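Taking it in order: structure first as structure tokens, then the write-up.
On a predicted model such as this, the values are computed, not experimentally measured, just so you know.
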Amino acid sequence: MSLVDAMETHPGYKGYLHTNDDVILNVHQLPNYDTDKIWKAIPRQILDIHDRTKDCPDDWWIWKWRTQGMWNDTTLFKPEQRERIANFTGVPGPTDVKAWADAFYVPGRLTSEFVPLMHKMKEHKMHLELSVEVVLLAIESTTNWVPWKEEYLWDKWRPKDHMRSKWKDFLKPGLGMLHSVKLSTGKSVTEVVKKWMRTVEAI
């Protein structure tokens with residue numbers, strides 16, 4: 001991934017920030033965050049965690065059966081890294097953790113652990129949204145994260161409305177990023193944009 005390339009090409013920085021091209025980053029709040037900590041929403045204990053001894057949840061669209069090879073790779077995680085993952089998930093064995101990978105920050109002091117783990121994830125063809133979270137859990141306890149919030153620009157609980165009203169919350173404290181408009185969603189791209197624009201014009 002591009003963040004790993006940046007770490008290897010430009011070592012020695014205080015930290016490294018990754019953002020995707022479809023993210024609205026709340027730059028107004030970044031000066032308030034501790035640059036010696038990971039910036040990332042903390043996974044939800046039930047919804048974002050999959051114990052590999054159990055069936056995979058139906059809504060895990062990023063699930064790949066071949067990720068079993070990742071957990072069978074004895075060179076991947078160090079014992080202390082496996083312990084950190086287990087301490088958070090409550091699962092002693094192989095566990096998948098899914099989360100957005102649209103924006104996050106890694107302190108420079110953690111690059112020596114982050115980079116080789118991400119290279120291993122690439123070798124095992126792990127989906128980015130399965131790789132990033134478990135790697136971050138492996139290298140640093142969540143007690144040392146800045147747990148910013150992540151939101152969809154639209155209301156994910158009312159997807160048929162396509163009102164895209166979450167932009168009103170953009171400057172609220174603790175919101176790190178908004179996942180922006182996906183024009184591929186909805187019955188009509190034109191209609192989606194029109195509905196969203198009407199919410200903007202109403203303010």
Let me confirm one number: the [atom1]-[atom2] distance from [X] to [Y], rounded to the nearest 0.5 Å.
X: Ile42; Y: Thr142; atom1: CD1; atom2: OG1; answer: 4.5 Å
X: Ile49; Y: Lys98; atom1: CD1; atom2: NZ; answer: 10.5 Å
X: Trp100; Y: Met177; atom1: CH2; atom2: CE; answer: 5.0 Å
X: Ser131; Y: His124; atom1: OG; atom2: NE2; answer: 10.0 Å
X: Ile139; Y: Phe77; atom1: CD1; atom2: CZ; answer: 10.5 Å
X: Asp51; Y: Thr89; atom1: CG; atom2: OG1; answer: 8.0 Å

Checklist entry - Where do Val106 and Met7 land on the side chain to side chain contact (heavy atoms under 4.5 Å, CB included) test, with the steps shown first? => result CA-CA 10 Å; Val106 180; Met7 291 174 172; 3.8 Å; yes

Which pair of heavy atoms, one from [X] and one from [Y], lies closest together, and at what distance?
X: Arg84; Y: Ser141; answer: CD-N, 4.2 Å
X: Pro92; Y: Ala86; answer: CA-CB, 4.3 Å
X: Ala101; Y: Asn20; answer: O-ND2, 3.9 Å
X: Thr74; Y: Arg82; answer: CA-NH2, 4.5 Å
X: Ala103; Y: Glu150; answer: O-OE2, 4.0 Å
X: Leu117; Y: Ala138; answer: CD1-CB, 4.3 Å

Within the side chain of [X], is there an N or O that forms a donor-acceptor pair under 3.5 Å with the backbone of [Y]?
X: Tyr13; Y: His10; result: no
X: Thr95; Y: Gly93; result: yes
X: Asp102; Y: Val23; result: no
X: His127; Y: Glu129; result: yes
X: Tyr33; Y: Ile38; result: no
X: Trp39; Y: Asp34; result: yes
X: Thr111; Y: Gly108; result: yes
X: Gln29; Y: Gly174; result: yes
X: Glu83; Y: Glu80; result: no

Checklist entry - Yes or no on side chain to side chain contact (heavy atoms under 4.5 Å, CB included) for Leu25 and Leu17, after CA distance, side-chain angles and deciding distance? => result CA-CA 11 Å; Leu25 189 67; Leu17 178 65; 3.7 Å; yes

Checklist entry - Is the number of heavy atoms from other residues, nucleotides or ligands within 6.0 Å of NZ (Lys37) greater than 12? => result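 For Lys37, atom NZ is crowded (more than 12 foreign heavy atoms under 6.0 Å).
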
With the side chain counted from C-beta on, respond yes when [X] and [Y] share a heavy-atom pair under 4.5 Å apart, and no when they do not.
X: Leu137; Y: Trp145; answer: yes
X: Arg52; Y: Asp96; answer: yes
X: Leu30; Y: Trp148; answer: yes
X: Phe114; Y: Leu136; answer: yes
X: Val135; Y: Met118; answer: yes
X: Glu133; Y: Lys40; answer: yes
X: Asn32; Y: Val146; answer: no
X: Val115; Y: Glu8; answer: yes

Next on the checklist: Does either side chain, that of Thr75 or that of Lys120, offer a donor lying less than 3.5 Å from an acceptor on the other one?
Outcome noted: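 There is such a pair (donor and acceptor under 3.5 Å, judged by atom type) between the side chains of Thr75 and Lys120.
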
Item to check | Exercise: do Asp48 and His50 side chains pair donor with acceptor under 3.5 Å | outcome: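 No donor-acceptor contact under 3.5 Å links the two side chains.
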
Item to check | side chain to side chain contact (heavy atoms under 4.5 Å, CB included) assessment of Lys14 paired with Arg109 | outcome: CA-CA 8 Å; Lys14 177 72 174 179; Arg109 63 181 177 82; over 6 Å; no

Next on the checklist: In terms of relative ring orientation, are His18 and Phe104 parallel, tilted or perpendicular, with 30° and 60° separating the classes?
Outcome noted: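 It falls in the tilted class, 30° to 60°.
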
